[in-house]
Amino acid sequence: MSQLFSKANREALVNPLNLNNPIAVQVLGICSALAVTAQLEPAIVMGLSVTIITAFSNLIISLIRKSIPNRIRIIVQLVVVAALVTIVSQVLKAFAYDVSVQLSVYVGLIITNCILMGRLEAFAMMNKPWPSFLDGIGNGIGYAIILVIVGFVRELLGSGTLFGLQVIPDWCYEHGYMNNGMMTMPAMSLIIVGCVIWAHRAYNKELN
Amino acid sequence: MNALRKYFDKIKPNFEEGGKLHAFRSLYDGFDTFAFVPNTTAGRCGTHVHDAIDSKRIMSLVVIALVPALLFGMYNVGYQNALAAGQLENATFWGMFFFGFLAVLPKLIVSYVVGLGIEFTVAQWKNEEIQEGFLVSGIIIPMIVPVNTPLWILAIAVAFSVIFAKEIFGGTGMNIFNVALITRAFLFFSYPSSMTGDDTVWVAQNSICGLGFDVPDTFSAATPLGEIAAGATALSTSFCDQVIGLIPGSIGETSVIAIALGACLLLWTGVASWKTMLSVFVGGACTGWFYNALGLSPLDACQHIVLGGFCFGAVFMATDPVTSARTEGGKWIYGFLIGFIAVTVRVLNPGYPEGMMLAILLMNLFAPLIDYCFVSRNISRRAKRATSK
């Protein structure tokens with residue numbers, strides 16, 4: 001057990017959550033972070049999907065890393081990722097149809113998410129299966145955290161709801177409060193992601 | 001004047017290092033350098049360009065140029081209110097003016113307090129000299145919004161644009177986009193119902209302090225461009241009223257005559273570039289004539305220029321020295337494209353009755369590219385001249 005959670009393994013899991021966050025520090029996967037975060041629920045589902053796909057594709061690639069010919073490794077990685085993406089997409093359609101409609105093409109487009117290919121190339125190809133699996137989970141959750149923060153702000157200020165339930169009381173609206181329509185547009189989420197990065201860097205001085 | 005100088009000198013020690021009001025040093029600096037040209041100038045040696053006028057004096061000139069349009073806007077707010085209430089014959093000139101004054105004043109105060117507050121705070125925090133770039137933006141912002149804009153969303157929009165359009169880029173003089181227009185764009189996209197909405201935003205509807213009239217709830221008035229966008233083929237206001245400015249619209253944008261007064265001052269003092277200003281009008285007129293000839297727009301070229309925010313944008317915003325093109329040739333292209341895009345958006349996009357804001361913001365984005373092309377063309381031309389000899 002102590003072997004399984006040695007210091008190196010713990011770092012593979014925890015580092016992407018904060019100091020090596022895929023969105024805030026590596027600035028990868030921005031596109032989907034802008035597209036699916038208008039509401040909190042799809043943001044969480046998207047974060048979970050990416051976490052599962054990153055973790056298992058890391059695991060599979062790491063298992064077969066020695067038998068992959070170097071010249072066709074990208075294609076092999078893509079095949080593995082595509083298979084996983086298809087599975088997740090079908091599961092979503094079967095069990096959470098409404099959310100999968102909201103996410104529309106962005107589930108399929110996980111295959112083009114830079115975080116995935118980045119982790120496969122940078123980590124899974126040269127590490128053992130267990131650390132690779134942890135690294136995948138860490139990066140997926142690091143991505144999901146940012147999505148949840150952005151989704152929370154956008155849904156709260158843009159629609160006045162959280163998970164589709166109204167949280168801003170009616171008397172605010174009666175006294176002239178209005179939802180901010182720009183929060184529901186992707187342009188505003190770019191600014192929010194920018195603010196998250198700003199706050200993150202202001203807090204962690206060593207990143208500057 | 002001397003008394004003011006003496007007063008400033010008297011309170012100065014309080015704001016210096018160790019004084020009890022040191023936390024408000026930026027505020028003192030700001031007002032001191034606004035009221036008096038500072039004594040400290042760049043060194044006499046070296047390659048400094050010396051001029052008798054500094055940026056704060058230029059900004060004061062622009063503010064003075066804006067005053068006619070602002071005063072007329074106040075009068076027009078009262079006039080539209082009386083017209084809507086059907087009480088025009090009972091209204092006096094001063095009654096209408098003071099009603100408008102009371103309606104506009106809170107917006108001016110909110111805009112200045114929020115904007116300058118953020119600027120002073122940032123300057124104090126980063127230990128920089130205060131730059132009052134907001135002096136002009138602060139008076140423009142209330143003039144380009146409808147009279148019924150709620151104050152709290154105005155405050156949010158001003159804070160947003162000062163932080164994200166200016167301070168992030170490094171403060172006054174470094175911004176890519178015109179700060180006042182970003183404020184309006186934020187309002188426009190965030191709270192569309194209170195910016196164009198259901199045509200009830202353009203006319204003040206309740207009396208203030210006993211002045212003005214209560215307008216019946218069912219009343220609504222569209223701007224002339226709003227009427228056209230809704231499918232009308234003829235306007236409900238006369239061309240004469242449109243030129244004078246007695247039409248519904250954002251507070252300061254309606255009167256061509258008042259804006260022309262400001263334009264004269266800006267051109268006479270050389271603060272605004274006549275090339276930019278002229279080319280915006282040329283671009284708008286050509287494009288308006290073109291669409292009218294094609295039958296796409298019922299408005300002729302002249303009306304396109306007179307209506308909406310075209311004149312205001314051309315005179316006070318397209319010529320913003322920070323965000324516009326700076327090369328002499330680039331100014332022609334920059335201005336012409338603003339006029340072209342503004343009219344094109346009006347005519348071809350039914351969702352946006354007015355395109356001046358979007359046109360200027362878009363060209364703000366392209367201004368550095370235009371400058372780059374002109375500068376590099378100049379460099380290569382000179383290089384050719386040098387090598388051909």
Side-chain angles (χ1 to χ4, degrees), chain A residues 23-25 27 30 33-40 146 149-162 166-205 207-208, chain B residues 106-107 110 118 121-122 125-126 145-171 175-177 179 181-198 200-201 204-206 351-352 357-358 361-362 364-365:
Chain A
I23 293 186
V25 180
V27 199
I30 294 289
L34 305 189
V36 301
T37 49
Q39 275 159 347
L40 199 47
I146 307 288
I149 295 172
V150 177
F152 177 82
V153 175
R154 284 182 72 189
E155 185 171 0
L156 184 65
L157 299 180
S159 321
T161 58
L162 285 178
Q166 190 179 340
V167 286
I168 291 179
D170 277 330
W171 66 266
C172 286
Y173 290 104
E174 281 154 20
H175 286 78
Y177 178 79
M178 277 176 282
N179 289 326
N180 189 327
M182 204 160 153
M183 283 285 173
T184 55
M185 299 180 195
M188 200 64 184
S189 62
L190 190 66
I191 291 174
I192 297 172
V193 169
C195 289
V196 170
I197 293 177
W198 183 7
H200 189 243
R201 300 216 162 196
Y203 185 72
N204 297 304
K205 297 279 186 216
L207 287 174
N208 292 329
Chain B
K107 293 184 181 51
V110 164
I118 292 174
T121 314
V122 171
W125 172 41
K126 295 169 108 179
V145 297
V147 65
N148 285 348
T149 311
L151 293 178
W152 69 273
I153 66 172
L154 192 66
I156 291 179
V158 170
F160 174 87
S161 67
V162 171
I163 294 173
F164 288 99
K166 188 146 106 188
E167 293 305 337
I168 276 200
F169 289 103
N175 46 319
I176 297 176
F177 297 109
V179 176
L181 276 177
I182 290 285
T183 310
R184 194 179 196 281
F186 180 84
L187 288 170
F188 185 81
F189 289 110
S190 294
Y191 305 101
S193 63
S194 61
M195 286 303 282
T196 49
D198 43 6
T200 58
V201 300
Q205 286 165 10
N206 298 311
Y352 298 134
M357 169 185 82
L358 300 170
L361 284 178
L362 186 68
N364 279 175
L365 194 61

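In the text below, chain A, chain B and the rest are named by the order of the sequence lines, each starting its count at 1. Just the heavy atoms: all of them, side chains too, but no hydrogens, waters or symmetry mates, feed the values below.
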- Spell out the residues in residues 183-191 of chain B that have some non-hydrogen atom less than 4.5 Å away from a non-hydrogen atom of chain A, in order of number; otherwise answer 'none'. B/F186, B/F189, B/S190, B/Y191
- Item | Any residue meeting side chain to side chain contact (heavy atoms under 4.5 Å, CB included) with A/V27, in chain and number order, not counting sequence neighbours | A/I30
- Not counting sequence neighbours, which residues clear side chain to side chain contact (heavy atoms under 4.5 Å, CB included) with A/K205? List them please. none
- Message: What residues of residues 189-204 of chain A make heavy-atom contacts with chain B at a cutoff under 4.5 angstrom?
- Response: A/I191, A/C195, A/W198
- Message: Within this structure, what is the CE-CZ distance for the pair A/M188 and B/F164, rounded to the nearest 0.5 Å?
- Response: 6.5 Å
- Query: Can you tell me if CZ on A/F152 sees more than 12 non-hydrogen neighbours from other groups inside 6.0 Å?
  - Reply: no
- Which atoms form the tightest heavy-atom contact between A/Y177 and B/W152, and what is the distance? CA-CZ2, 3.7 Å
- Query: In terms of heavy-atom proximity below 4.5 Å to chain B, should A/M183 be classed as side chain, backbone, both, or neither?
  - Reply: neither
